[in-house]
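Convention: sequence-line order gives letters A, B, ...; per-chain numbering from 1.
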There are 2 protein chains.
Amino acid sequence: MSRANSPDRDTVSEIAAALGRHIETNGLMVGDKMPSELSLAEQYGVSRTVIREAFRSLAALQMISLSPGKRASVSLSNGEPVARILEHSVRMDAVAIQDVYDVRRTVEARTATLAAIRRTDKEAENIAWHASQMKSLFHDPAAGMEHDIAFHHAIARASRNKVFEMMITSFEGITRETWPVGWRSRNSDAERLAMVDLHMDLASAISQRDAIRSAEIMSQHFDVSTRALLSAGIR
Amino acid sequence: MSRANSPDRDTVSEIAAALGRHIETNGLMVGDKMPSELSLAEQYGVSRTVIREAFRSLAALQMISLSPGKRASVSLSNGEPVARILEHSVRMDAVAIQDVYDVRRTVEARTATLAAIRRTDKEAENIAWHASQMKSLFHDPAAGMEHDIAFHHAIARASRNKVFEMMITSFEGITRETWPVGWRSRNSDAERLAMVDLHMDLASAISQRDAIRSAEIMSQHFDVSTRALLSAGIR
DNA sequence: TGCATAAACCTGTATGACAGGATAAGCTCG
DNA sequence: CGAGCTTATCCTGTCATACAGGTTTATGCA
């Protein structure tokens, strides 16, 4: 078989695209195996080097997973590559932190709504538990942050929308970087406590299946957070 | 220099992470050059093969760009890798089209709001132009679709939030696949015309800087579209 | 000093090799 | 005849080497 021709793009990219098409065309699903590197090399008339680099490209997007001895197998992204891209964009000053928070507010107001509608009892409990842990760990910001992040993630999961869940996952790294700033920028323990209580309220709204109030509280939470970051000089 | 140790992860991934850190640590910005493959190979005590595969990983995320003869240079993602991931997720049945549309509705209601607030006159004109083209090209769905996509993209750009813009870009591929289904699932030209007119209305709301109405129309648009896809059997 | 030319450098791809890891085939023993 | 162990085979991960173009830097001439 010959390899493409048209806009003399990079050979590796072409092969990577072809391998993507291979998955599509053959209807491969998660866990299914790709052909061996050698057979693909022969099939496309390139060296194993090229096939391997193309594999790496797909693996970077977590479209396949590679492990020694085994054939490459189709897999599913957990959103981590998106997080990498986003964090890189922030570092390059192409994206402002405030932009990220605007997106988070928009998205999470919706996940709160959906969670209120779709949550299971167990999910509601889990969400409430993280909120209460935030409160108990009031004196331990680092631990509190982890529960905060887990809290938002749990809500996203309860929204039953994988795209939202993936997005929230993608924001975690940036959250982890900015959270301490927001925490410190609150001027008093009273303010910090109010923030924590907002989480308790949100958990209870979700628990009561109050979709509208859930979204309102989530939006309010982000209003406050956004201001806190702004006052700390984070644009 | 030695390379990591702990959870004996894949060598290439370790190096890729290290190269990411290199960008971070040295404060490299877009356009800045990475060290040569050979020097990195020596520095990390691995072969050029490993460095190249790590480079490919970063290049797949568009964190760097590679071209023959030139050193790898830091670059910025346009969201295309995210699109690949998303489309793959849909193909793997991990994400439902309806989920994507829920996200789009949520996100684009916000871009409409922001666009109404932040648009320049030129942007408003451009948005309106695409809407009017959709109307003129009523008889040519393929061309109409392209203007529809460009319309939404123009709104995202006018929102002045790169994250939103990147997201809308990421959805374009899926939109291109589902758009014709939505178009055909409308039962009459009257319905299709109503859909096009909704775009005209939205353009005018943005033009009038009516943020609230802009968001409402956008939401309404997605309500209708979502129903159209549902009635065509797309979950 | 300005510019053309050559040298040095760098990436893209190919080839061959070899150390494990994984899997399938075969064999042994109950 | 079947279960379990062993071995042969296949495959991936990494390395070394080679060489054909691009690209950048240095050189030397006008």
Residue from A/His221, A/His199, A/His130 passing ring pair (Phe, Tyr, Trp, His ring centres under 6.0 Å) with A/Phe151 = A/His199
Paired with B/Met63, the side-chain contact (heavy atoms from CB on, under 4.5 Å) test is passed by just one of B/Leu76, B/Leu58, B/Val74, namely B/Leu58
Rounding to an integer number of Å, can you tell me how far [X] [atom1] sits from [N] [atom2]?
X	N	atom1	atom2	result
A/Leu66	D/dT14	CG	P	10 Å
B/Phe55	C/dC10	CZ	P	12 Å
B/Lys33	C/dT11	NZ	P	11 Å
B/Glu53	C/dT13	CD	C1'	13 Å
A/Glu14	C/dG12	CD	P	14 Å
A/Glu42	C/dA14	CD	C1'	14 Å
B/Arg9	D/dG13	CZ	P	15 Å
A/Ile51	C/dT15	CD1	P	12 Å

Under 4.0 Å between a side-chain N/O of [X] and OP1 or OP2 of [N], yes or no?
X	N	answer
A/Arg52	D/dT12	no
B/Arg56	C/dT13	yes
A/Thr11	C/dT13	yes

Can you find an N or O donor on one side and an acceptor on the other, under 3.5 Å apart, linking the side chain of A/Arg48 with the base of C/dG16?
-> no
Select from A/Ser47 and A/Ser67 the residue whose nearest nucleotide in DNA chain C is closer to the 5' end of that strand.
-> A/Ser47
Is the centre of the B/His147 ring less than 6.0 Å from the centre of the B/His152 ring?
-> no
Only one of A/Arg157, A/Arg160, A/Arg118 passes side chain to side chain donor-acceptor pair (under 3.5 Å) with A/Glu123, and that residue is A/Arg160
Of D/dT14, D/dG13, C/dA14, the nucleotide closest to the side chain of B/Val12 is D/dT14
In short, A/Arg56 meets B/Val12 closest at the heavy-atom pair NH2-CG2, 3.4 Å
Check nucleotides 8-11 of chain D against the protein and report each pair of N or O atoms closer than 3.5 Å, with its distance, or say if there are none.
{"from": "D/dC11", "atom 1": "OP1", "to": "A/Arg71", "atom 2": "NH2", "distance (Å)": "2.6"}

Salt-bridged, A/Asp121 to A/Arg119, with N to O below 4.0 Å?
-> yes
Please check if any side-chain donor atom of A/Thr175 sits under 3.5 Å from a side-chain acceptor atom of A/Arg104, or the reverse.
-> yes
